[in-house]
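Below: the structure, in C-alpha cells.
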Amino acid sequence: MKDNRTIFHIDVNSAYLSWEAVHRLQHGYGIDLRRIPSVVGGDPKTRHGIILAKSIPAKKYKIKTGETLHSALQKCPSLTIIAPSYGLYMKCSNAMVEILKEYSPNIQRYSVDECFLDYTGMERHFGEPETAAYMIKDRIENELGFTVNIGISTNKLLAKMASDFTKPNRVHTLYHEEIPSKMWPLPVEDLFMVGRATAPKLHKLGICTIGQLANYSLEHIKYILKSHGEMIWKYANGIEDSKVRISNYENMKGIGNSTTVAFDVEDKRTAYMILLGLTETVSMRLRDAKSCCRVIAVEIKNTNFTRYTHQKKLFSPTDTTKHIYTVVKSLFDEAWKGESIRHLGVRVSTLSSNQFSQLSLFDEKDIEKRKALDNTIDSIRSNFGSKSIIRASFLHSGVKPLIGGVGAEDYPMMSSIL
DNA sequence: TCTGGGGTCCTAGGACCC
DNA sequence: TCTGGGGTCCTAGGACCC
C-alpha cells in the first residue's frame, strides 16, 4: 500500500449559509446569519421550497438539508429564510481556490464547496501538513470571512472522512493507524457511499458501525452488494488510491439542465417551450466546453413524483441547438404518457471534441449555417448578457428563454469513485 | 403554497452477431 | 424438429454524492 502521499480535503462549513452571512455582514447587515436559526432555501410558490443549507442554531431545531421549508417552519416559526444566489457562491468558491493554489498546483474541485489538495512534497515550502492546514484554514477565515474544515490523510477517502469530524473551523487527521479509534466507532451511514438504500441492507446483516463493516467477510459483502459492496468494504478499511486530478472539460461525462416548473404542464406546446429553454442552455454549455454529444436524453417527472427518462444515441455527434432540440422533441413525444408534468430535464452525454467536425453523409447541408448562427448567438450572449438575444417564441410566453445554468465557470464535479 | 438541481457510476435485460 | 453461449451495444432505472 502506498502511504507516501499527503492529501487535504477542504470543506466549507455550511457553505451557502456562511457565504450569505459574510456577504450580508460586508454590506452592513448587522446580524450574522450563522448565529441565529436561518436557512438558505427556494421559494415554495414556485415549488422550489426546500432547505439547501442551514445554520448551526437551525440544526438544533432538527432542521435538515433537503426537507421542505414548510416543515422547517413548523419546527422553528422564527426561522430566517434566505433565497439562494448561486453567482455569489461561485465567486466565494473561486476566491477560496485562489488561496489554495498557493499551497499546491494539484487541486481538484469536487463541488462548489469542497476541494482536494495534494500536499505531497510541499513540506519543504510550508512545513508539516498540520501546520500548513492551520495556515490555510486561518487565511481563509481572515481574508474571506468564512470557515472551513480541513481533513488530512494519505488518500482522498480518509481526508474526506476526517474533514467531516467535529465542526466548524477545525483541522483533523485520519492516518491509517488512527482508523480504529477515529473512524470505526462511527455509524456505518457516516461512511462515504453508504446512503439511504445501502444502510438498511447493512443493518440487516448486523452491521451498524464502520468498524463492523471493515471486519465483515469481504466475500459475503460482495455476494450481497456486488461491486458497491467491495468498494464500501475497502473504504471502511481506509483503502482508496485515486489521484487528485485537476478538473477540466476533457474528463466531463455529460451536461444537463432540468427544472421544476412553477405550474403543472398539461400540453405539448408548453412542454416544448420549456424543453427549448433547457436545450438552449445545455447546448451553449456543450459548445462552451468545445464538445459534441452523441447521446441525448429527456427526463420527465409527473405530479406523482414518478420519474422516467428516454434517450437516443445519434448516428453522428452534434453540438447545434437546432439538431439537439429536434431530437429532444421527438424523445419527448415518444416518452410522454400524457399525464400532468411537474419537472422536465435535458441531458447530453457521450461527449467528444468538436475541434474536428465529422460530417456524415446524411447531415443536412445547412449544418455550417446553423453552427455559425449558434456561434454568433453565443458570442452576443457572452458579450451583452444572456437575455440580450432570445427566441421570439418566448415573448409573452411566461416561460424563461434560457433555463438552468452554471455557465462559463463550469467545471466538472463529483465522481462516486473519488 | 410540501417534496431542487447539478453530477457519476453500476446493473439488468433485450437485440444482435458469431 | 434439439435451443448454446459468449461478447458487445443500447436503453432504462437506481444508487450515491454535494
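Reminder, nothing fancy here: chain letters follow the sequence lines and each chain counts from 1.
Taking only side-chain nitrogens and oxygens, A:Arg342 comes nearer than 4.0 Å to OP1 or OP2 of B:dT3. For the OP1/OP2 pair of B:dG4 and a distance below 4.0 Å, the side-chain nitrogens and oxygens of A:Ser258 include no atom meeting the criterion. Of the side-chain N and O atoms in A:His48, one or more sit less than 4.0 angstrom from OP1 or OP2 of B:dG5.
More than 12 heavy atoms of other shown residues, nucleotides or ligands fall within 6.0 angstrom of atom CZ in A:Phe165. Within 6.0 Å of NZ in A:Lys75 there are more than 12 heavy atoms belonging to other residues, nucleotides or ligands.
Between A:Glu240 and A:Lys234 there is no salt bridge, since no side-chain N of the basic residue sits under 4.0 Å from a carboxylate O of the acidic one. Using a 4.0 Å cut-off between a side-chain N of Lys or Arg and a carboxylate O of Asp or Glu, A:Arg34 and A:Asp32 qualify as a salt bridge. Salt bridge A:Glu334/A:Lys312: absent, no basic N to carboxylate O contact under 4.0 Å. Salt bridge A:Lys243/A:Asp118: absent, no basic N to carboxylate O contact under 4.0 Å.
The OH atom of A:Tyr235 sits 13 Å away from the P atom of C:dC16 (whole-angstrom rounding). The distance between atom CE of A:Met161 and atom C1' of C:dC17, rounded to the nearest whole Å, is 13 Å. B:dC2 atom P lies 19 Å from atom NE2 of A:His343, rounded to whole Å. At whole-Å resolution of the value, CD1 in A:Ile51 and P in B:dG5 are 15 Å apart. In this structure, CD1 of A:Ile232 is placed 9 Å from P of C:dC16, rounded to the nearest angstrom. The separation between A:Lys167 atom NZ and C:dC18 atom C1' is 11 Å, rounded to whole Å. Rounding to whole angstrom units, CD1 of residue A:Ile50 and C1' of B:dG4 are separated by 4 Å. Taking atom CH2 of residue A:Trp19 and atom P of nucleotide C:dC18, one finds them 14 Å apart after rounding to whole Å.
Partners of A:Trp184 according to the ring pair (Phe, Tyr, Trp, His ring centres under 6.0 Å) rule, which considers only residues two or more places apart in sequence or in another chain, do not exist here. Scanning for side chain to side chain contact (heavy atoms under 4.5 Å, CB included) contacts around A:Ile389 gives A:Ile377, A:Ile380, A:Arg381, with sequence neighbours left out. In this structure A:Lys226 satisfies the side chain to side chain donor-acceptor pair (under 3.5 Å) test with no other residue, sequence neighbours excluded.
The ring of A:Tyr119 has its center no closer than 6.0 angstrom to the ring center of A:Tyr103.
Map A:Val261 and A:Lys253 each onto its nearest nucleotide of DNA chain B; the residue landing nearer the 5' end is A:Val261. Heavy-atom nearest nucleotides on DNA chain B were determined for A:Gly254 and for A:Leu225, and the one closer to the 5' end corresponds to A:Gly254.
Look at C:dC2: its glycosidic torsion is beyond 90° from 0, and that puts it in the anti range.
Residue A:Gly195 is classed as a sugar-phosphate contact, given heavy-atom separations below 4.0 Å to backbone atoms only. Across all strands, A:Gly256 comes closer than 4.0 Å only to sugar-phosphate atoms, never to a base (heavy-atom distances). Note on A:Thr65: nothing from the nucleic acid sits closer than 4.0 angstrom, heavy atoms only. Using a 4.0 Å heavy-atom criterion, one finds that A:Leu69 contacts no nucleic acid atom at all.
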Intra- and inter-strand pairing of DNA chain C, written as dot-bracket with Watson-Crick and G-U pairs under 3.5 Å and | for the latter, reads ....||||||||||||||
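Using a 4.0 Å cut-off on heavy atoms, the residues of residues 196-220 of chain A that approach DNA chain C are A:Arg196, A:Ala197, A:Thr198, listed by number.
Residues A:Met90 and A:Asn94 have side chains in contact (heavy-atom distance under 4.5 Å, counting atoms from C-beta outward).
Closest to the side chain of A:Thr68, out of B:dT1, C:dC18, B:dT3, is B:dT3.
Residues A:Gly404 and A:Thr281 approach most closely at O-CG2, 3.4 Å, considering heavy atoms.
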Quick tally for nucleotides 6-13 of chain C: nucleotides whose base has a protein heavy atom under 4.0 Å get B, sugar-phosphate-only ones S, the rest -, giving ----SSSS
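By the 5.5 angstrom centroid cut-off and the 30-degree plane limit, A:Tyr110 is classified as not stacked against the base of C:dC18.
Side chains of A:Asn13 and A:Ser18: a donor-acceptor N/O pair is absent below 3.5 angstrom, by distance only.
Rounded to a whole angstrom, the distance from the C1' atom of C:dG4 to that of B:dC16 is 15 Å.
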